[in-house]
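Chain A is the first sequence line, chain B the second, and so forth, proteins listed ahead of strands; every chain is numbered from 1. These values consider heavy atoms only, across backbone and side chains, with no hydrogens, waters or symmetry-generated copies.
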Number of protein chains: 2
Amino acid sequence: MDDKLDAIFSALADPTRRAILGRLANGKATVAELADPFELSQPAISKHLKVLEQAGLIRSGREANSRPRVLEPAALKTVADWVADYRRFWDQSFDRLDDYLSKVQGYDND
Amino acid sequence: MDDKLDAIFSALADPTRRAILGRLANGKATVAELADPFELSQPAISKHLKVLEQAGLIRSGREANSRPRVLEPAALKTVADWVADYRRFWDQSFDRLDDYLSKVQGYDND
DNA sequence: TAGCTATATAACCATATGGATATATGCTAC
DNA sequence: GTAGCATATATCCATATGGTTATATAGCTA
């Protein structure tokens, strides 16, 4: 799991890659579409995509001539789970909210 | 803000640095205390601490002979906020929960 | 002041990263 | 099967990163 976090955080450390994820939040996109906003060569984008894919943040599809990418949410959830352990340090209402939710019927507060 | 995220994610990409944050979650600690669990030289730890500090994840204090470090929660909140934008992709109950909380009196759901 | 403790900085090294250009591969269309 | 499009891979380069050892700095203690 530590290795996963290494790869995920490392992938997220680059603004181009975060922007690519942002684009993929709107749905799948081809490499050309993902490359469009940037003044980078196509191989540079392919490299970024490889980093994202190896971190498990995206997945490659197969569609006729192209290989569209889609978001892979699990890796992002890994980040959310990691950072949630620190939530009490900044969110003073966390404990109160947590208590509250645990009393609400039908809500699974794990 | 993008620069901040670069530095923060980059700092978090190293397991030694994440372990240091984990230790600091238990309260402030000196450099020697932070170095203790690792088979790394003292300068290596100092370097890691510098990276964490420049990312805003920790802060240095002054105490007699030593310079204890403490957690700086704001940077971690920055991560939480960033990743929260993607929450809908993995958490199917997010929308429902969000709706629910917005109706609850006295709870600020920002 | 001298020595000890805690930490920082300097210099160096090997490997990783992010970019480029050139070329290869795999489909599609003719 | 040849051409063209979309994407991947190879090679190369400059800079960044993470480690080391050696040394400097700052505060405490005798």
Side-chain angles (χ1 to χ4, degrees), chain A residues 2-24 27-72 75, chain B residues 2-24 27-72 75:
Chain A
D2 226 46
D3 284 349
K4 261 192 215 172
L5 281 171
D6 284 9
I8 293 170
F9 280 129
S10 178
L12 295 178
D14 185 283
T16 301
R17 289 195 288 261
R18 289 196 306 278
I20 288 173
L21 291 182
R23 168 62 186 80
L24 288 176
K28 80 178 165 194
T30 66
V31 174
E33 286 165 349
L34 292 170
D36 194 52
F38 304 102
E39 296 196 335
L40 288 178
S41 65
Q42 169 263 314
I45 299 295
S46 281
K47 265 199 195 178
H48 283 305
L49 293 173
K50 193 174 217 171
V51 172
L52 288 168
E53 186 159 6
Q54 285 176 344
L57 286 157
I58 66 172
R59 201 159 33 82
S60 296
R62 216 26 101 102
E63 208 161 289
N65 208 4
S66 77
R67 324 207 180 162
R69 304 310 207 270
V70 291
L71 212 59
E72 194 67 89
Chain B
D2 225 46
D3 285 348
K4 261 192 217 171
L5 280 172
D6 284 9
I8 293 170
F9 279 128
S10 179
L12 295 178
D14 184 283
T16 300
R17 289 193 289 259
R18 289 197 306 277
I20 288 173
L21 292 181
R23 167 63 186 79
L24 289 175
K28 81 178 164 192
T30 66
V31 175
E33 285 165 349
L34 293 170
D36 194 53
F38 305 102
E39 296 196 336
L40 287 178
S41 65
Q42 171 263 313
I45 299 295
S46 281
K47 268 199 194 178
H48 282 306
L49 293 174
K50 193 173 217 173
V51 171
L52 287 168
E53 186 159 6
Q54 284 176 345
L57 285 157
I58 66 173
R59 200 160 32 84
S60 296
R62 214 28 95 108
E63 207 161 290
N65 207 3
S66 77
R67 324 209 180 160
R69 304 310 206 270
V70 291
L71 213 57
E72 193 68 89

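- Just one of A/Leu49, A/Leu52, A/Thr30 meets the side-chain contact (heavy atoms from CB on, under 4.5 Å) condition when paired with A/Arg69; it is A/Leu49.
- Rounded to whole Å, atom C1' of D/dT9 lies 15 Å from atom CD of A/Glu53.
- For A/Leu52 and D/dA8, the CG to P distance is 12 Å, given to the nearest whole Å.
- Side chain of A/Arg17 to main chain of A/Ser10: a donor-acceptor pair is present (N/O by atom type, distance under 3.5 Å, no hydrogens or angles).
- Summarising the geometry, atom CG belonging to A/Leu34 is positioned 7.5 Å from atom CD1 belonging to A/Ile58; distances are rounded to the nearest 0.5 Å.
- With rounding to the nearest 0.5 Å, the separation of CG in B/Asp3 from CD1 in B/Ile8 is 10.5 Å.
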| field | Worked check of side-chain contact (heavy atoms from CB on, under 4.5 Å) between B/Ser46 and B/Lys50 | value | CA-CA 6 Å; B/Ser46 281; B/Lys50 193 173 217 173; over 6 Å; no
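- Of the two residues near DNA chain C, A/Ser10 and B/Arg67, the one whose nearest nucleotide lies more 5' is B/Arg67.
- Between the CG atom of B/Leu40 and the C1' atom of D/dT20 there is a distance of 10 Å, given to the nearest Å.
- The distance from the CD atom of B/Glu33 to the CG atom of B/Leu24 is 10.0 Å, given to the nearest 0.5 Å.
- Within residues 41-48 of chain B, the residues that place at least one heavy atom under 4.0 Å from DNA chain D are, in residue-number order, B/Ser41, B/Pro43, B/Ala44, B/Lys47, B/His48.
- Both A/Glu63 and B/Arg69 sit near DNA chain C, but only B/Arg69 has its closest nucleotide nearer the 5' end.
- With rounding to the nearest 0.5 Å, the separation of CZ in B/Arg18 from CG in B/Leu12 is 7.5 Å.
- Distance CG (B/Leu49) to P (D/dG18): 13 Å, rounded to an integer number of Å.
- For DNA chain C, the span of nucleotides reached by chain A at under 4.0 Å from its heavy atoms goes, 5' to 3', from C/dG18 to C/dT28.
- For the atom pair B/Glu53 CD and B/Arg59 CZ, the distance stands at 9.0 Å (nearest 0.5 Å).
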